[in-house]
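Everything on this sheet refers to the single structure shown next.
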Amino acid sequence: MTKSAELLPGTLDLLILKSVSLGTLHGYGVLLRIEQISGGSLHIQQGALYPALYRLEQQGLIESEWGVSDNNRRAKFYKLTALGKQRLRDESAGWNRLAGAMAAALRATSQEI
Amino acid sequence: MQGFIARVRSFWHGLRKPAQVDADMADEMRFHIEMEAQRLMTREGLDAREARRRAVLAFGGVEKYRGAGRDALRFSWARGLSVDMKLGVRMLRKYPGLTAVAVFALSLAIGAGAAYLEFVHDMLHGRLPFPDSERIVGIQNWDQQTGDPEFRSRFDFVTWRGSLSSLEQIGAYGALDRNLVTEDGRAEPVRGVEVSTSIFRVAGVAPLLGRTLIPEDERTGAPPVVVIGQDVWTNRFASDPAVIGRAVKVGNAPYTVVGVMPAEFGFPTAHSLWVPLPLNEAQYPRRAGAPIRIFGKLAPGMSISGAQAELTAVGRRMAADFPDTHQHINPLVKGYVDSLWSTEADSYLQRMILYAANLFFLGLLALCGANIATLVFARTATRDTEISVRTALGASRARIAGQLFAEALVLSSVAAIVGLTVAFYGLKWVKHTIGVASGNRLMFWWNDQLSPQAYVYAAVLAVGAALIIGVIPALKATGGKVQERLRNATGGSAAGLKFGGIWTGVIVTQVGVTVIFLSIVGTLGWGLYFSNGGNRQVNFASTQYAGARITMDHEGTAEADRDDARFRSRFRTLFTQFADRVASEPGVTAFTFGAHYPNTNLTEMPVDIDGVPLAAAGERAVQTTSIATDFLEAFEAPIVAGRGFTAADTASGQSVAIVDQTFVRQVLGGQEAVGRRLRHAASGERPAGPWLEIVGVVKDLTVDTNKDKYNAVVYRPVAAEAMHPIRVAVRVTGDASPMLWRLRVIAAEVDASLRLDEVLTLDKVGTADLVGIAFFLRILAGIGVVAVVLAAAGMYALMAFTVARRTSEIGIRLALGADPRRLVMSTFARALAQIGAGVAIGIIPAVAIAASLAPEVSAGADGMRTAIVVCSVSAMFMVSVTVLACTAPARRALRIQPIDTLKTT
């Protein structure tokens with residue numbers, strides 16, 4: 001089992017947007033998708049997913065619809081809106097810049113100074 | 001934008017179905033836990049119970065995340081608001097007195113404001129009930145030099161017709177006030193127009209019966225046809241379906257009825273008869289001929305400014321071609337209803353004034369709001385403990401103010417709904433009253449529906465009122481130190497909230513303003529009742545006199561027909577025939593005429609008297625009227641000195657007058673009148689009139705114990721041909737009512753161009769004038785009632801508040817043996833001081849305003865005396881009402897049992 005990392009504040013929203021960008025999902029599906037795409041290395045407090053989903057829906061980044069799950073149970077499905085796609089692009093780029101900068105900073109050796 | 005819409009939708013959803021949203025959230029989380037348990041069972045082989053326990057644990061507190069979910073949806077706020085609203089509704093029921101007073105006052109203020117806006121809107125921006133009504137325009141020539149409209153525009157009309165590309169249709173109309181004479185000989189005036197037949201194509205309104213006017217009817221030599229309105233069809237033809245094809249006369253001209261229009265068609269404003277206006281000449285004289293007004297319909301897609309640009313160009317060209325007549329003429333295009341208003345500058349000013357009058361209603365609302373805020377504050381004070389505890393528990397000031405605002409909003413919304421109902425019925429009543437007073441149909445585009453603007457305005461007023469009555473008390477109640485107030489709250493009764501300066505100011509102002517208001521209403525009412533005809537006593541048997549106003553049609557439209565001398569000679573001939581016929585009717589004992597009837601308002605005249613120095617110009621006004629030489633005789637008024645008029649007195653060069661006894665007593669101070677000379681004094685631009693010799697003194701025709709100089713009357717003789725229109729009076733033996741229709745029949749038999757209106761027995765004359773004043777007075781009285789109720793309620797609230805606050809103090813003092821009555825008096829003292837202060841502030845402006853109004857309305861009665869009487873009565877009334885309002889709380893104070901209050905302290 002790989003070591004799991006704690007989420008940085010603000011990154012849950014980005015992960016949710018990424019997950020639903022890959023296909024329409026219900027809340028539990030979002031959890032599984034995040035575990036899957038992060039290789040199970042990110043630890044999420046499961047309940048915290050829901051306030052985040054509602055907040056994103058409030059902001060118009062995702063939209064929801066009631067439907068039926070694989071096991072024939074009523075479930076609420078989320079998908080990305082146009083506004084959400086835009087936001088995902090912006091945030092991903094921002095995150096990559098930050099991650100790159102952080103990685104570069106942490107690689108620095110005494111010779112480079 | 002998208003994000004905003006999503007938010008609003010979710011908020012609205014939460015507000016509307018909070019339980020549903022909550023249940024959905026729970027279901028979603030349950031689903032999550034079930035799925036997780038399933039996975040644990042298959043992957044780790046746990047039994048169902050253990051799997052579920054682990055799943056719940058992993059989820060981490062369903063309730064916690066549901067709360068967070070609600071917050072994320074802004075749902076708690078929505079639910080808070082909905083709870084506040086429910087609490088507001090509960091408050092309405094819990095304090096029925098406050099609810100009743102507040103709804104009563106606010107609904108009148110909101111209703112009056114909305115009704116007024118609707119009225120102005122209807123008047124200024126009314127839309128004709130026709131298809132594409134926004135494309136219908138009025139076109140008017142203006143003389144830029146004088147700033148006056150130029151209605152003599154037949155020349156312009158035929159020039160424009162067919163040459164304007166911005167207008168799809170163009171037409172004109174001219175007034176046609178004529179008798180409509182039916183086959184049975186009945187002749188009654190009808191408001192009609194000669195109109196281009198294109199109006200019926202523009203209107204697109206189908207006739208009720210028969211057909212509308214068509215272009216062929218305008219051709220030279222076409223048979224004369226007329227279309228009548230539904231009201232004429234009902235009143236004059238008893239709604240007979242066989243009316244089509246009937247022969248009638250319009251004035252003296254024969255016509256055939258070809259159609260009946262429904263009631264919703266009254267073009268141009270309130271008309272009921274239409275004949276074609278043939279304008280077939282290639283050219284008419286410029287700036288000459290009978291007046292017309294021009295209307296048109298814009299071509300599709302054309303704007304008013306586009307049409308204006310074209311007409312301005314046409315106007316410039318005509319000004320260049322015909323500088324003698326058209327140098328300063330400029331045609332203006334406006335929306336149809338707009339175009340009926342006069343000059344541009346005028347109408348702008350009129351509009352501003354009309355809309356600005358709304359400030360009065362806003363002021364009324366603010367005053368009502370401030371008063372109700374007093375009451376709400378007093379109620380809030382009784383909830384001091386609740387508010388202090390909530391504040392201590394962490395509720396923000398905004399949250400508590402929000403709650404009180406929501407409560408106030410519920411109150412003002414109820415008031416707005418009631419107010420709109422009031423506005424709806426009020427407007428119906430106003431329009432009906434105007435219709436009765438003017439004796440005409442109303443503008444045909446007026447309807448009884450309120451416009452969306454009125455609803456929006458009422459909603460804005462309701463929110464404004466809620467801000468005043470909810471937020472101000474809330475801020476006052478939540479200000480100050482919580483700890484101190486908590487201590488007071490838990491400690492019982494020592495003064496916590498104070499009924500401070502601002503509220504005292506409101507109550508004092510209220511009492512003062514109410515005194516002023518009652519005085520104004522009282523003075524106007526006094527004037528109406530005692531002097532303005534409402535109760536005018538006369539010295540003759542008015543029921544035995546039939547009266548009518550006679551006008552003769554100007555036949556034709558050519559200048560020659562309008563020649564004054566010919567018109568007058570024709571009028572003299574016809575009037576003499578009419579007079580002879582009436583005088584020979586059985587039962588008629590006298591026939592006379594004059595400019596006024598004795599029991600109506602005459603003409604005011606400033607007078608100079610030879611050899612009698614008179615005071616300032618304003619002090620020398622008397623009444624005057626022109627009468628037939630046998631007028632005084634016909635009204636059985638005896639000559640008490642000198643002689644009556646003779647036929648010779650109307651000859652030119654004769655300058656004589658008769659005065660009444662009031663003139664002798666009040667103006668001449670009882671001196672000899674016969675032989676003196678008087679004249680119309682110079683006033684403003686007008687030079688003094690010729691000297692008239694007083695040849696006789698007649699007994700007063702009206703009775704009034706308060707007559708002064710202003711009521712004195714000067715009679716001057718006049719011949720029938722010198723007057724037009726003319727008022728006739730016929731004395732009969734017995735009741736004069738049957739004579740009324742005889743007058744119409746005789747006039748129609750003499751000549752159909754003699755039009756009779758105001759056909760009434762003389763006891764009814766003047767009452768129509770009262771409708772307008774009575775209407776105005778009723779509105780003022782309504783506002784007066786609101787003011788009194790509010791003042792009384794405010795006083796009640798103050799006293800109730802004081803008694804509640806001082807319950808334990810009073811109890812202790814009673815226990816210590818204080819005299820209960822003196823105690824109550826001390827509680828009362830503040831209320832009495834406020835009433836006293838209010839009356840003192842109000843009484844001086846009240847007397848001043850009333851005194852300035854009194855001479856206007858009481859026709860010369862001693863203005864100051866009237867003012868003082870009315871104002872004293874108003875002040876005393878105000879004191880009694882407010883003192884009465886204090887009695888219930890005072891009695892409550894008297895019933896305080898020392899032992900009870902000591903127990904709770």
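Naming convention: chains lettered A, B, ... in sequence-line order (proteins, then strands); numbering from 1 in each chain.
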Greatest number of non-hydrogen atom pairs under 4.5 angstrom with chain B, of A:R73, A:R74, A:H26, falls to A:R73

Looking at A:E65, I'd like to know if its CD atom is crowded, meaning that more than 12 non-hydrogen atoms belonging to other residues, nucleotides or ligands lie closer than 6.0 Å. no

field: Over 12 foreign heavy atoms within 6.0 Å of CG, A:N96
entry: yes

Residues 34-42 of chain B vs chain A, non-hydrogen distance cutoff under 4.5 Å, contacting residues -> B:E34, B:M35, B:E36, B:R39

**Q.** Validation row, ring centre B:F59 to ring centre A:Y50 under 6.0 Å
**A.** yes

Okay, A:L56 and chain B: the region with an atom under 4.5 Å from a heavy atom over there is neither

If one checks every heavy atom of A:A52 against chain B at 4.5 Å, the contacting part turns out to be neither

A:W66 CH2: over 12 foreign heavy atoms closer than 6.0 Å: yes

In terms of heavy-atom pairs under 4.5 Å with chain B, the winner among A:P51, A:G47, A:S69 is A:G47

Bottom line for A:L61: the part with an atom under 4.5 Å from chain B's heavy atoms is neither

### Message
Tell me if the CZ atom of A:R33 is crowded by more than 12 foreign heavy atoms within 6.0 Å.
### Response
yes

Verify side chain to side chain contact (heavy atoms under 4.5 Å, CB included) between A:Y28 and B:E28, making sure each step is shown before the conclusion.
CA-CA 9 Å; A:Y28 185 69; B:E28 198 180 4; over 6 Å; no

Sorted by chain and number, sequence neighbours left out, ring pair (Phe, Tyr, Trp, His ring centres under 6.0 Å) with B:Y457 holds for none

Subject >> Salt bridge B:D24-A:K76, side-chain N to carboxylate O under 4.0 Å >> reply: no

Given A:G29, A:A48, A:A75, the one with more heavy-atom pairs under 4.5 angstrom with chain B than any other is A:A48

Under the side chain to side chain contact (heavy atoms under 4.5 Å, CB included) rule, what do B:Y65 and A:Q45 come out as? Steps first, then yes or no, please. CA-CA 11 Å; B:Y65 289 116; A:Q45 177 70 276; 2.8 Å; yes

